[in-house]
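Numbering of residues begins at 1 and proceeds along the displayed sequence. Order of appearance sets the numbers: ligands from 1, and atoms from 1 within every ligand. Below, each value reflects all heavy atoms present in this structure, side chains not excepted, and no hydrogens, waters or symmetry copies.
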Amino acid sequence: MKDWEQNIRRVVPYTPGEQPNKPKMIKLNTNENPYPPAPGVAEALHSMDADRLRLYPDPTAGSLVAAIAADQGLSPEQVFVGVGSDDVLAMCFLTFFNSDKPILFPDITYSFYDVWADVFRIPYETQPLDENFDIVPGDYYRENGGVIFPNPNAPTGVECPQADIEDILCHNRDVIVIVDEAYVDFGAKSALSLLEKYDNLIVVQTFSKSRSLAGMRIGYAMASPELIRYLNDVKYSFNSYTMDQTALAAGVASLADRPYFEETTRWIIATRERTKEKLRALGFSFRDSRSNFIFASHERCPARELFEALRASDIYVRYFDKPRIDNYLRITVGTDEEMEVLIAFLEKYLAS
Ligand SMILES: *Cc1c(COP(=O)(O)O)cnc(C)c1O
């Protein structure tokens, strides 16, 4: 071993879903939105002046922060933006999870949480979801250095009832509780209304899923002005110019078109409900997803086999080879046409 090797920060990185690029593929593996961003986003991009790129972007991302605050009924002092919610969540871990006590999150959850904990050397303990994949609030009563969970949870799609979230908040008044709402726009209830009551709550959302802007990288946190100040202090100690000029313009344009946002999320919810019926008829079971994906297990055919068979036909879904969930497929809700191809394939495959 070389001397310098002992000084290296070694991490096992997060594995993103694959991004194949085949002409006729059906891509249902990374929870992207099948519809384009609001038309105003393309207009904003076309009207960008390349000469302005000489200049640094606004370090406060003021235009985007103001637009998000207006959209959510908050003051700009309650909003922090970052390069996707992954960046926002990483900044939250760095800022708020500095205790010697372990932070707590579910055993089945977004697989970036343990990676951030490791890279920032934050102790953590996972709490098992019950056999129905529900969070058990009582598991989060113990002493800890902070709590984080997605709602709806990933990759299960299961919504945590508002009363349970409030119960967890009540029992954790002396630590920060982060609710990661990456999928909340697909029919779940946001914890945002609890911000007034709980100054230890942070709600994180993203433009990647419901606003069709995964490629633009925009996420945000909402919390008390005090917590947002702490987040900004860490951000400015790391990288002042996180949001580039393009992202600022695209984000503002997306928020300007609420009817389009509501219409496309309605379409996805309708397609999800139709797909659930068809999957059920084929012998799949799943909890009632409130997200833009369905986490399903077949009564007969192993998930891994289905995953491989689908992949060989250029239909991409996500499979996690992990305890408790290794017989499930996470299927992103695409367009009706895409879901019809998926269902037709499954009908044929499962009949043979
Ligand atoms: C997709 C996702 C994110 C990250 O999204 P960004 O593209 O970085 O905004 C965060 N949390 C969960 C649970 C997700 O599924």
Starting from atom 5 (O) of ligand 1, locate the nearest protein heavy atom and write down its residue, its atom name and how far away it is, to 0.1 Å.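 Among all protein heavy atoms, the one nearest atom 5 (O) of ligand 1 is Ser85 OG, 3.1 Å.
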Protein heavy atom at shortest distance from atom 11 (N) of ligand 1: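 Going by distance alone, atom 11 (N) of ligand 1 is nearest to Asp180 OD2, 2.7 Å.
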Pi-cation contact, Phe295 with Arg330 (under 6.0 Å, within 45°):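 Geometry flag: not set, cation outside 6.0 Å or 45°.
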Find the distance between CG (Asp288) and CG (Asn132) and round it off to the nearest 0.5 Å.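 Rounded to the nearest 0.5 Å, the CG-CG separation comes out at 12.5 Å.
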Any chance you could lay out the side chain to side chain donor-acceptor pair (under 3.5 Å) test for Asn144 and Asn172, step after step, and finish with the verdict? CA-CA 8 Å; Asn144 64 68; Asn172 285 283; 2.7 Å; yes
Side-chain ion pair, [X] and [Y], N-O less than 4.0 Å:
{"X": "Glu308", "Y": "Arg311", "answer": "no"}
{"X": "Asp71", "Y": "Arg258", "answer": "yes"}
{"X": "Arg229", "Y": "Glu77", "answer": "no"}
{"X": "Glu159", "Y": "Lys189", "answer": "no"}

Number the atoms of ligand 1 from 1 as they appear, then name those within less than 4.0 Å of a heavy atom of [X], with their elements.
{"X": "Gly84", "result": "8 (O), 9 (O)"}
{"X": "Arg217", "result": "6 (P), 7 (O), 8 (O)"}
{"X": "Lys209", "result": "1 (C), 2 (C), 3 (C), 4 (C), 5 (O), 14 (C), 15 (O)"}

Residue part near ligand 1, for Asp86, under 4.0 Å between non-hydrogen atoms: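 For Asp86, the contact with ligand 1 is made by both the backbone and the side chain.
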Quick one: look at Ser208 and ligand 1, take heavy-atom pairs under 4.0 Å, and tell me if it's side chain, backbone, both or neither.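 Contact part for Ser208 vs ligand 1: side chain (C-beta onward).
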Does the N or O separation between Tyr183 and ligand 1 drop below 3.5 Å for any pair?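 Such a contact does occur with ligand 1.
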Polar proximity ligand 1 side, Tyr113 side, N/O cut 3.5 Å exclusive: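 Between Tyr113 and ligand 1, no N or O pair is found under 3.5 Å apart.
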